[in-house]
Amino acid sequence: MEDHNDPLVFTFPIAGYNVKKILIDGGSSVNVLFYDTFKRMELNDEQLMSSYYTIYGFNGGPTKPLGDIMLEVKAGPMKVRTRFNVVDATSPYNSIIGRRWVHKLKGLAATYHQYLRFLTPEGVMEIKGDQVIARECQALQTNSTMNKMSRGSP
């Protein structure tokens, strides 16, 4: 699309489920799977391992994950076992994948060009981000923030 400032959003199979609205966040050191998505994937709480992390958002507020889970994320022909922090919070995204996952894939995530590029046994693969979904998520996030601000104002 023309001039944009869109986040990098994909649909990938995670543990065999086609998960939409996955944000690739190069600034994040953890991978997050939101609890409502966890439940929709028919995973159960007994599969969660203890989490040693506290996640701090951009506002500095701490969030303690419900637990961690190891799941396989598939990008094209590549499969990457990934540790997710399962978090009970609202988000326009179903999951956030951080730079560790991109590094395990030995990939390059480019928000400006809207692609994820990585090596496969057959050569370089490029997967395009979904700008339409990314903009929908941004609109949801903006509306949610505006609603919170208006409720807090006199």
Answer whether the closest heavy-atom distance between the side chains of [X] and [Y] falls below 4.5 Å.
X: Tyr17; Y: Thr37; value: no
X: Thr11; Y: Ile133; value: no
X: Leu71; Y: Leu43; value: yes
X: Leu33; Y: Ser95; value: yes
X: Ile69; Y: Gln47; value: yes

(request) Could you pull out all residues at least two apart from Glu126 that satisfy salt bridge (charged side-chain N to carboxylate O under 4.0 Å, His left out)? (result)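 Scan of Glu126 (salt bridge (charged side-chain N to carboxylate O under 4.0 Å, His left out), adjacent residues dropped) gives Arg117.
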(message) Checking Arg100 now: which residues fulfil salt bridge (charged side-chain N to carboxylate O under 4.0 Å, His left out) with it, not counting sequence neighbours?
(response)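 Per chain and number, Arg100 pairs via salt bridge (charged side-chain N to carboxylate O under 4.0 Å, His left out) with no residue.
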(message) Checking Ile127 now: which residues fulfil side chain to side chain contact (heavy atoms under 4.5 Å, CB included) with it, not counting sequence neighbours?
(response)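 Expected list: Phe10, Phe12, Ala75, Phe118, Met125.
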(message) When you measure from the side chain of Asn94 to the backbone of Lys20, do you find a donor-acceptor pair of N or O atoms at a distance under 3.5 Å?
(response)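 Between the backbone of Lys20 and the side chain of Asn94 there is a qualifying donor-acceptor contact (under 3.5 Å).
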(message) Using a 3.5 Å distance criterion without hydrogens, assess whether the side chain of Lys64 forms a donor-acceptor pair with backbone atoms of Ser51.
(response)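 Flag set: sc Lys64 to bb Ser51 pair under 3.5 Å.
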(request) For residues 42-53, pull every pair meeting salt bridge (Lys or Arg N to Asp or Glu O under 4.0 Å), keeping only residues two or more places apart or in separate chains. (result)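 Residue pairs with at least one partner in residues 42-53: Lys39-Asp45.
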(request) Output every pair passing salt bridge (Lys or Arg N to Asp or Glu O under 4.0 Å) with a member in residues 67-81, not counting sequence neighbours, ordered by first then second residue. (result)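 Every pair satisfying salt bridge (Lys or Arg N to Asp or Glu O under 4.0 Å) with a residue in residues 67-81: Asp68-Arg83.
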(request) List for me each residue that meets ring-ring contact (aromatic ring centres under 6.0 Å, His included) alongside Tyr35, sequence neighbours excluded, and say none if there are none. (result)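 Tyr35: ring-ring contact (aromatic ring centres under 6.0 Å, His included) contacts with Phe38.
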(request) Identify the heavy atoms of Met41 and Ala15 that sit nearest to each other, and give their distance. (result)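 Result for this residue pair: CE-CB, 4.2 Å.
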(request) Indicate the atoms forming the closest heavy-atom contact of Leu140 with Pro92, along with that distance. (result)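 Shortest heavy-atom separation between Leu140 and Pro92 comes out as CB-CB, 4.0 Å.
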(request) With rounding to the nearest 0.5 Å, note down the distance linking OG1 in Thr63 to CG in Leu66. (result)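 The CG atom of Leu66 is 10.5 Å from OG1 of Thr63, to the nearest 0.5 Å.
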(request) Could you point out which residue of Asn31, Thr82, Val19 forms a side-chain contact (heavy atoms from CB on, under 4.5 Å) with Ile14? (result)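 The single option meeting the side-chain contact (heavy atoms from CB on, under 4.5 Å) with Ile14 is Val19.
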